[in-house]
Amino acid sequence: MKITKICCIGAGYVGGPTMAVIALKNPTIKVTIVDINEERIAAWNGDDLSQLPVYEPGLAEIVEKTRDKNLFFSTNIDEAIDEAEMIFISVNTPTKTYGKGKGMAADLKYVELCARNIAKVATTDKIVVEKSTLPVRTAQAIKSILHNTGSDVNFHILSNPEFLAEGTAVQDLLDPDRVLIGGESSEAIESLANIYGAWVDDAQILRTNVWSSELSKLTANAFLAQRISSINAISELCEKTEADVNEVAKAIGMDSRIGPKFLNASIGFGGSCFQKDILNLVYIARSYNLSEVADYWEQVIILNDHQKRRFADHLISTLYNTVSGKKIALLGWAFKKDTNDTRESAAIYVSDHLLNEQAEIAVYDPKVNAHQVYADLNYLNTRPEKENEQLVSFMSDPYEAVKDAHAIAIMTEWDEFKTYDWEKIYHHMKKPAFIFDGRNILNKDEMTKIGFEYSSIGK
Ligand code: UDX
Ligand code: UDX
């Protein structure tokens with residue numbers, strides 16, 4: 001099928017950047033991104049490109065080049081569905097918060113709603129592409145909904161999982177390691193392969209069956225997260241044995257079979273994908289009674305929770321076993337640098353633990369705003385919202401955040417933290433001045449020389 005018009009449902013972290021790059025590389029294809037959230041669409045259409053709903057290096061420039069030429073943002077979902085030959089489903093698939101599979105399984109409510117809407121609106125044949133990360137065999141459910149509409153419209157379902165990482169999304173899209181397309185109809189697969197073929201070498205476009213494609217996405221995220229939990233487990237051992245986790249990571253990373261990437265010990269991984277996808281994998285394994293498989297992957301999450309917890313515990317015990325009434329400055333709230341996304345950020349859980357001990361927290365993050373910080377803490381429902389407001393303050397100046405603090409905890413590896421005037425910061429803090437470097441980004445010797453009591457992960 002020759003594709004001239006694409007519709008993408010979901011203008012989020014995945015849908016926005018992916019469609020912007022597809023539009024950039026395929027100027028003859030009209031790409032329309034739709035969303036039920038009017039505010040979000042208005043922000044994508046806003047004049048100020050620095051205020052797009054998703055911050056990604058390089059994205060604003062692409063949106064500027066393509067918007068209102070062949071890239072459109074709209075809330076008119078039905079019209080965009082009907083005119084497109086290819087529809088991407090890129091809505092969120094959060095972990096279920098209710099009923100069967102609560103806290104584990106993916107909530108497919110939004111995906112199903114999209115499928116039903118497509119079935120209702122479509123008057124011509126469509127290729128429907130699953131872009132959201134989904135449990136294995138979801139395509140079957142979508143297929144069943146689409147094929148039972150009673151109309152003559154034909155639907156082909158493809159799985160095309162996204163491997164972009166936030167903060168480098170544009171780069172990952174422009175130069176992907178691979179593009180994965182799973183499907184039954186080779187004609188439909190080639191229609192999508194042609195779109196990527198505008199800039200991706202054909203050898204990097206993998207064609208598989210639908211189920212392999214769906215499972216590959218979950219497996220890729222599980223393997224990546226597993227590496228972090230593995231090095232974090234070793235970091236705790238390093239702290240007991242005087243080994244240095246950076247040295248261990250370098251030594252093992254030079255083994256070409258292991259490789260150097262994703263071996264940074266940290267306060268624990270965050271982000272919208274890793275925990276959700278592993279929980280999903282665990283849930284699926286349990287549903288087939290594969291308890292050893294489920295337990296194996298669950299351990300990755302258990303270790304990650306432990307890492308966040310022990311960071312907070314270490315901070316409290318170092319501050320003479322109490323943080324009550326003490327100001328702790330948190331540098332960074334995003335789950336990693338170069339993004340404004342805070343979903344599952346370790347900072348949220350570390351803060352929650354410190355707040356339970358009545359700490360006073362001052363937060364600074366270069367891209368996250370105060371509203372998001374309070375929303376993240378309130379979402380946990382640990383204490384009344386009013387108490388979060390009393391105990392947590394948000395500063396737009398990092399030097400204000402650290403003023404009179406007993407300790408600084410580095411939560412995100414933002415580059416700018418390395419360039420601060422640490423002498424000045426030291427002089428404005430309470431003494432002894434503690435730094436807990438949850439990302440191992442500062443130089444221990446330099447910090448100690450200034451006078452800080454410095455501790456990091458795995459050293
Ligand atoms: C994506 C993937 O789709 C998800 O499966 C993956 O695991 C994480 O990344 P993401 O783009 O990050 O999700 O989600 P989000 O930024 O929340 O965007 C989803 C958008 O879909 C939202 O703007 C939401 O308003 C929209 N939406 C949701 C609809 O338009 N219709 C719906 O029915 C539900
Ligand atoms: C991840 C996958 O990398 C991507 O392929 C998939 O499509 C979506 O999920 P993302 O969550 O955006 O991407 O970020 P990623 O760079 O993978 O980082 C996830 C978390 O792990 C962050 O909190 C990061 O700080 C942490 N991390 C990463 C470490 O703690 N140590 C590392 O060595 C690498």
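Count residues from 1 along the sequence. Counting starts at 1 for both ligands and their atoms, in listed order.
Closest protein heavy atom to atom 1 (C) of ligand 2: Phe274 CE2, 3.5 Å. For atom 33 (O) of ligand 2, the closest non-hydrogen atom on the protein side is Asn264 N, 2.8 Å.
Within ligand 2, the atoms closer than 4.0 Å to a non-hydrogen atom of Lys336 are 12 (O), 14 (O), 15 (P), 16 (O), 18 (O), 25 (O), numbered from 1 in the order shown. Under a 4.0 Å criterion applied to the non-hydrogen atoms of Leu263, ligand 2 contributes the atoms 33 (O).
You'll find the ring centres of Trp414 and Tyr364 outside the 6.0 Å limit.
Counting heavy atoms closer than 4.0 Å to ligand 1, residue Glu39 contributes nothing at all. The proximity of Glu162 to ligand 1, defined as any non-hydrogen pair under 4.0 Å, does not occur for either the backbone or the side chain. Proximity of Ser272 to ligand 1, defined as any heavy-atom pair under 4.0 Å, is confined to the side chain (atoms from C-beta onward).
Proximity of Glu344 to ligand 2 is not established, as no heavy-atom distance is less than 4.0 Å. Under a 4.0 angstrom heavy-atom cut-off, Lys217 registers as being in contact with ligand 2.
Close N/O approach between Phe335 and ligand 2 is found [any backbone or side-chain N/O within under 3.5 Å]. Note: an N/O pair closer than 3.5 Å links Gly270 and ligand 2 by distance alone.
Distances from atom 25 (O) of ligand 2 to the heavy atoms of Lys337, Arg343, Arg439 show the closest one on Arg439. Considering only non-hydrogen atoms, atom 10 (P) of ligand 1 lies nearest to Tyr13 out of Tyr13, Phe88, Tyr110, Trp44.
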